[in-house]
Structures are given as C-alpha cells and as structure tokens.
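Working notes, structure below.
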Amino acid sequence: MTRENSLFLQLPTEILVSISIQCGFRTCLVLRSTSKRLRRILSDPSCYTSMDKSPDVIETIVTVNTKLHVWDHLVFGQWELFKDAIYFEHMTFLESMDFLGGISFKMHRNGHVDKMYFEHRESLDCYVEFVLDQHKRGLLPPSIHGTGGVRLPHSCNRCKHYDTKSILSSYMVHHSQKFGIRHHFVDGKRILQIRIVHIKDDGHIPSVDIQVAKIDNIPLSSFESFMFSRLVWQSNQ
C-alpha cells in the first residue's frame with residue numbers, strides 16, 4: 001500500500017464517503033475492492049442517501065405492460081405542479097378497458113422511480129355528477145354518457161389539478177408498434193425512459209417494471225445493476 005493510499009484510508013468516514021460519491025458509482029465499486037475499511041463503508045446503503053454530489057447521469061427504464069387496441073390514444077406528459085414527474089395516460093374507446101387510467105412516475109436523483117396510478121378525469125365522481133346533471137337539464141341526449149371515448153369539458157375544485165397537465169408526446173395505436181418516451185430532466189443528471197409493451201393477458205394490467213439501465217450513457221453490467229439496486233436504491237427504503 002502506498003503512503004498516499006494509507007493517508008486516504010485514515011480520513012474520517014464522512015469525508016471518505018463524500019469523496020467516493022463525488023467520483024461516481026462505478027468508482028465506488030472499484031474503491032470497495034481496495035481495502036477492508038472501504039468495503040465495509042461503501043457496502044452500507046446509508047452512504048448513498050444523497051446523490052446530489054455525484055457526477056453520474058442516471059437513466060432508468062420504466063416498462064408498462066398493458067393491453068393495446070387499435071385507435072387507443074397513448075399520452076405522455078408532465079404535471080405543472082410536479083416537475084420531477086412524467087405521466088402516461090391510456091385513452092381507449094372501449095368502455096370495458098377504460099379502467100386503465102394513467103400512471104405518474106416521479107424520478108429521484110438516484111434514479112429511483114415512484115409510481116402512482118390515477119383515474120381518468122371522466123371516472124371521477126365529480127365528472128359523473130356533472131354528466132348526470134346535464135342529463136337532468138336536458139342538455140345531453142341519452143346516448144351521450146361521458147365514457148367510452150366521449151369526453152365532455154368539465155372542471156371543478158375537485159379535479160382542477162387535471163388542468164395542469166401538459167402533453168409532451170402522444171401516439172394513436174394503428175397496429176403493433178413500439179411506443180414510449182425518453183425524457184431528460186432539467187438538472188441534466190436524470191433520464192427517464194418509459195416504454196409501453198402490449199401483452200395479450202388481461203390479468204393484472206397495467207403492470208410496471210422499473211430498472212436502472214445506464215450511467216453516463218453506458219449500460220450497466222449485471223453485477224453493476226445488482227449492486228446499484230442493493231446499495232443506491234436500498235437507501236430509499
């Protein structure tokens with residue numbers, strides 16, 4: 001061991017962790033193999049609770065497994081109030097599949113993604129009450145009931161947050177295609193890729209798979225992916 005390495009290992013734990021994180025995740029893995037002390041320190045998920053100092057550009061892939069039909073409308077966008085979140089909304093003309101709704105994905109600095117399902121505005125109680133009221137007033141014919149592709153303009157205090165959605169891209173399903181979005185966040189350190197995959201099974205849809213894919217545009221090896229989930233994402237628990 002060189003004198004420089006010996007002096008480095010004598011630094012307080014907090015400084016060792018800070019220096020390691022500033023060197024990036026892959027360097028942390030290398031440092032883990034250089035000494036027993038660094039292996040012990042950098043094997044603790046609590047070291048990775050803050051990735052703000054890391055230079056790593058992290059790309060996470062979210063795969064949404066669902067059932068697609070011809071003329072379905074797939075919308076990707078952002079909520080004005082949640083800049084770190086991207087949403088996917090599945091619009092369909094089939095009333096039997098209108099329950100699919102949408103999913104919001106919030107991406108953290110360490111690449112971890114939280115998901116939250118939300119209903120179509122037209123499935124909310126306030127919207128249903130609005131349509132019923134329009135029928136009572138004779139303003140809507142019986143054939144129009146506000147679901148299955150017919151979407152009436154409505155906004156109230158209970159659903160006005162839907163007005164803050166902005167669309168980044170959208171697709172109409174004509175036949176079997178690949179659908180998705182690759183979004184770069186404004187901090188330049190996070191990339192979220194959302195892929196929509198058609199499945200034939202009706203059960204348990206939509207389902208979501210989340211995995212970190214790249215660091216600095218370089219795909220993670222199976223070992224790196226395992227350690228990233230074990231150390232960095234475990235720090236979210």
Side-chain angles (χ1 to χ4, degrees), residues 49 51-52 57-69 72-94 97-128 146-147 149 151-173 177-199 203-214 228-229 232-237:
T49 52
M51 295 290 287
D52 293 337
V57 177
I58 301 173
E59 180 169 350
T60 299
I61 293 180
V62 171
T63 302
V64 179
N65 305 291
T66 190
K67 195 163 187 176
L68 301 177
H69 302 85
D72 282 1
H73 189 197
L74 311 180
V75 181
F76 301 89
Q78 283 183 294
W79 304 86
E80 285 184 16
L81 300 178
F82 311 107
K83 295 301 183 182
D84 290 333
I86 302 295
Y87 74 83
F88 159 66
E89 190 166 11
H90 188 169
M91 321 288 278
T92 179
F93 286 94
L94 298 175
M97 302 299 293
D98 213 33
F99 69 90
L100 292 171
I103 314 172
S104 287
F105 301 101
K106 180 180 179 181
M107 186 174 184
H108 299 271
R109 174 62 186 95
N110 65 1
H112 192 271
V113 174
D114 297 327
K115 65 179 184 295
M116 182 183 71
Y117 295 90
F118 64 90
E119 294 182 279
H120 293 306
R121 187 179 219 157
E122 295 76 17
S123 299
L124 301 178
D125 290 341
C126 61
Y127 180 86
V128 175
T147 59
R151 305 179 189 278
L152 305 174
H154 166 71
S155 183
C156 69
N157 287 334
R158 287 184 282 174
C159 67
K160 62 182 180 181
H161 59 283
Y162 280 76
D163 296 328
T164 70
K165 291 192 303 181
S166 61
I167 297 176
L168 297 173
S169 63
S170 64
Y171 303 88
M172 192 71 75
V173 178
Q177 299 177 35
K178 293 182 179 179
F179 305 98
I181 188 174
R182 190 169 182 262
H183 181 75
H184 295 250
F185 288 92
V186 293
D187 60 9
K189 295 299 181 67
R190 293 169 297 157
I191 302 172
L192 178 60
Q193 184 179 163
I194 303 175
R195 303 187 303 192
I196 311 303
V197 176
H198 169 70
I199 58 175
H204 305 293
I205 57 171
S207 64
V208 177
D209 299 318
I210 301 173
Q211 67 179 75
V212 63
K214 297 179 181 179
F228 195 93
S229 298
V232 182
W233 282 6
Q234 187 66 27
S235 67
N236 273 47
Q237 305 302 316

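What you see is a predicted model, and the numbers here were worked out from it, not measured in a lab.
Side-chain atoms of E89 and K165, non-hydrogen and from C-beta on, do get closer than 4.5 Å to each other. The shortest side-chain heavy-atom distance between M51 and H108 does not fall under the 4.5 Å cut-off. Residues L74 and M91 have side chains not in contact (no heavy-atom distance under 4.5 Å, counting atoms from C-beta outward). A heavy-atom distance below 4.5 Å is found between the side chains of F179 and L68. The side-chain heavy atoms of C159 and Y127, taken from C-beta on, include no pair separated by under 4.5 Å. With contacts defined as side-chain heavy-atom distances shorter than 4.5 Å, the pair H69/V173 does not qualify. At a threshold of 4.5 Å between non-hydrogen side-chain atoms, the residues K115 and Y117 count as touching. Residues I58 and R109 form a side-chain contact, since some pair of their non-hydrogen atoms from C-beta on lies under 4.5 Å apart.
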ask   = How far apart are the C-alpha atoms of V208 and F88, what are their side-chain angles, what is the distance that settles it, and do they pass the side-chain contact (heavy atoms from CB on, under 4.5 Å) test?
value = CA-CA 12 Å; V208 177; F88 159 66; over 6 Å; no
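The structure places CD of E59 at 15.5 Å from NZ of K189, a figure rounded to the nearest 0.5 Å. Atom CG of D125 and atom CD of E119 lie 8.0 Å apart (nearest 0.5 Å). Note: L124 CG to H154 NE2 = 8.0 Å, rounded to the nearest 0.5 Å. One distance of note links CG of L192 with NE2 of H184; it measures 10.5 Å at 0.5 Å rounding. How far OH of Y87 is from CD1 of I181: 9.5 Å, rounded to the nearest 0.5 Å. Residue T92 holds its OG1 atom at 12.0 Å from NE2 of H73, rounded to the nearest 0.5 Å.
Looking at every heavy atom in both residues, H161 comes nearest to R158 through CE1-O, 3.6 Å. In plain terms, the two heavy atoms of V113 and F105 that are nearest each other are CG1-CB, 3.7 Å. Nearest heavy-atom pair, F118 versus I103, reported as atom, atom and distance to 0.1 Å: CE2-N, 3.3 Å. Closest approach of Q78 to A85, counting heavy atoms only: CG-O, 3.6 Å.
A salt bridge links R190 and D84; the closest N-O separation between the charged side-chain nitrogens and carboxylate oxygens is under 4.0 Å.
For R195, the side chain to side chain contact (heavy atoms under 4.5 Å, CB included) partners at least two apart in sequence or on another chain are I61, T63, Q193. In terms of the ring pair (Phe, Tyr, Trp, His ring centres under 6.0 Å) criterion, residue partners of F185 (sequence neighbours excluded) are, by chain and number, H183.
In K106, the NZ atom is not crowded: 12 or fewer heavy atoms of neighbouring residues, nucleotides or ligands sit closer than 6.0 Å.
With Y162 contributing its side chain and S155 its backbone, the two residues share no donor-acceptor pair below 3.5 Å. Under the 3.5 Å distance criterion, the side-chain polar atoms of W233 are left unmatched by any main-chain donor or acceptor of Q211.
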